[in-house]
Number of protein chains: 2
Amino acid sequence: MPQARSIRGINGSDSRLPLYQRLRDEFLLQIAEGHWVPGTPIPTEAEMTREYEVAIGTVRKAIDTLVQDGILDRQQGRGTFVRRPEFTRSLSRFFRQVDQQGNTCIPESDILSLESEPASQHVRQALALKARARVIHLERVRRIDGKPLFHERIWLSEERFAALLDTPKDALGDLLYPAYEALCGQLIAHAQETLSVGIADALTSAMLGIPVETPVMVIDRIATGFDGTPLELRRSYGIASDFRYQIDIA
Amino acid sequence: MPQARSIRGINGSDSRLPLYQRLRDEFLLQIAEGHWVPGTPIPTEAEMTREYEVAIGTVRKAIDTLVQDGILDRQQGRGTFVRRPEFTRSLSRFFRQVDQQGNTCIPESDILSLESEPASQHVRQALALKARARVIHLERVRRIDGKPLFHERIWLSEERFAALLDTPKDALGDLLYPAYEALCGQLIAHAQETLSVGIADALTSAMLGIPVETPVMVIDRIATGFDGTPLELRRSYGIASDFRYQIDIA
DNA sequence: CAGTGGTCTAGACCACTCT
DNA sequence: GAGTGGTCTAGACCACTGT
């Protein structure tokens, strides 16, 4: 019988906070520390009730907030899981990405280069690297039916992602994040994207097949792990006229 | 003692749906029909418990979902209210709108023209107007500290907004939606915005003080009332280099 | 102070998934 | 059939707002 580690006093949480919020913090800790990982269900509601000595409604409310935030995923009859983030929600999905049959699809990835280089100051800051750290730099083009959609520049800490240097660049597939997980054990949990408008430089315009100095959408992304460490820095260039973004205001 | 109108059978809702979802639908109906309006609290949880003959937890869950969707607003000790939509969440807030003191602020509105005209086919469709209906067309520039931020074109059904034609255009103030409510009794509840990139035409470039053919962000907005009727069509042009949009992917 | 929403409990029963 | 999350109930007590 495991010791019930009552949530009421522990955990560093402000004990004036409602129980369900302290529970929520505790759950986030379990995820950040890697005790709960995507793929295996987290403990059942009944177990948590015993473990933390709270009512099941309180456990449910704590889980509710995390489900709401897209961090957990309930599956009736199966269990509750840590969600893999849905990068289909990226700003990049607002580019016209349909194939000849009219289906939305994942663009093909064509990696132009993959090499080690010293981190520039900007990259070192964004990835929180030590002085004189090295990074892996990828350049790639993403296409649908051969039509270029994005030109992308990506930087990764060489220390964490060294395994990529031993992999032929044509073997990485169309999606990088599964490769990060499989080859380097690095799980991407969150990302922050910033959209702005720029002007195509020589390389980008050549890659996208547009005249130089045409407007392009620029998407800057910083992707982080479950513990908040920045793992990937990415800049994507897309043709501005292919872009259309829609929101609802309630 | 009013008749308890049990939610269990009525309301056109599919009776296989959970109670709280049928309650939610019922609440949305109260809002759409104007029985619940912003400014006065909706009935208390205890009242609804009696009215619909359900447990208070079920009422709370129904309200929870509407609060989550930004439709209701709970205020402890005061009551629960129908929310006025926050148009501070518009895409337009992603333009650099700070004054000389560095504070975010509401741009000044300078109405260039306000006149009645026959609806074009595009406007008629967007506002769901009858054939040969007339519309009110506004053109305005929005500025901060005198610096132009947007050029806007706005169309409204003349039938609903006739009172605007009797108002001097300088008396409308910086925000139109309060004027719609005060002068025309038209409450904006939702809006849908679409962002794309275009090229400034002669008028827009003159209004924004930029060269012709410079890239501009184009925000198309359709704003609707609580019952879903489209009320306003709006197109805003802003300087692309002032634009920066940020999202989080969880 | 009365009345509101906010938190928490304790349990019943249902619907779904897997074996 | 055993075990999971989903729905619903009934009530206690707390925290905040207005008078």
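Letters go in sequence order (proteins before strands), and every chain restarts at 1.
The neighbour count for B/L165 CG, taken as heavy atoms of other residues, nucleotides or ligands under 6.0 Å away, is above 12. Surrounding CZ of A/R93 are more than 12 heavy atoms belonging to other residues, nucleotides or ligands, all under 6.0 Å away.
A straight line from CZ of B/R22 to C1' of D/dC8 spans 11 Å, rounded to a whole angstrom. The distance from atom CZ of A/R50 to atom P of C/dT9 is 16 Å, rounded to the nearest whole Å. Here D/dC8 presents its P atom at 4 Å from CG of B/L19, a figure rounded to the nearest Å. When the C1' atom of D/dG5 is taken as reference, atom CG of A/D73 falls 12 Å away, rounded to whole Å. For the pair B/E45 CD and D/dA10 P, the computed distance is 16 Å after rounding to whole Å. In this structure, CG of A/L72 is placed 11 Å from P of D/dG5, rounded to the nearest angstrom. We find that CZ of B/F81 is positioned 12 Å from P of D/dT17, with the value rounded to whole Å. Atom CG in B/D64 sits roughly 14 Å away from atom C1' in D/dC8 (whole-Å rounding).
A sub-4.0 Å separation between OP1 or OP2 of D/dT7 and a side-chain N or O of B/K61 is present. OP1 or OP2 of D/dT9 lies within a sub-4.0 Å distance of a side-chain N or O belonging to B/T58. For A/R60 and D/dG6, the shortest distance from a side-chain N or O to OP1 or OP2 is below 4.0 Å. At D/dC16, none of the side-chain N or O atoms of B/R78 fall inside 4.0 Å of OP1 or OP2 (strictly under the cut-off). Using a 4.0 Å cut-off, no side-chain N or O of A/Y20 falls inside it from OP1 or OP2 of C/dC8.
Here the nucleotide nearest the side chain of A/P18, chosen from D/dG5, D/dT9, C/dC8, is C/dC8. Residue B/Q76 places its side chain closer to D/dC16 than to any other of D/dG11, D/dC16, C/dC16.
With B/L156 as the partner, the side-chain contact (heavy atoms from CB on, under 4.5 Å) test is satisfied by one option alone out of B/Q186, B/R234, B/E232: B/E232.
A salt bridge does not link A/E108 to A/R143: none of the charged side-chain nitrogens sits closer than 4.0 Å to a carboxylate oxygen.
In this view, B/F81 and B/P41, B/Q75, B/R78 satisfy the side chain to side chain contact (heavy atoms under 4.5 Å, CB included) rule, not counting sequence neighbours.
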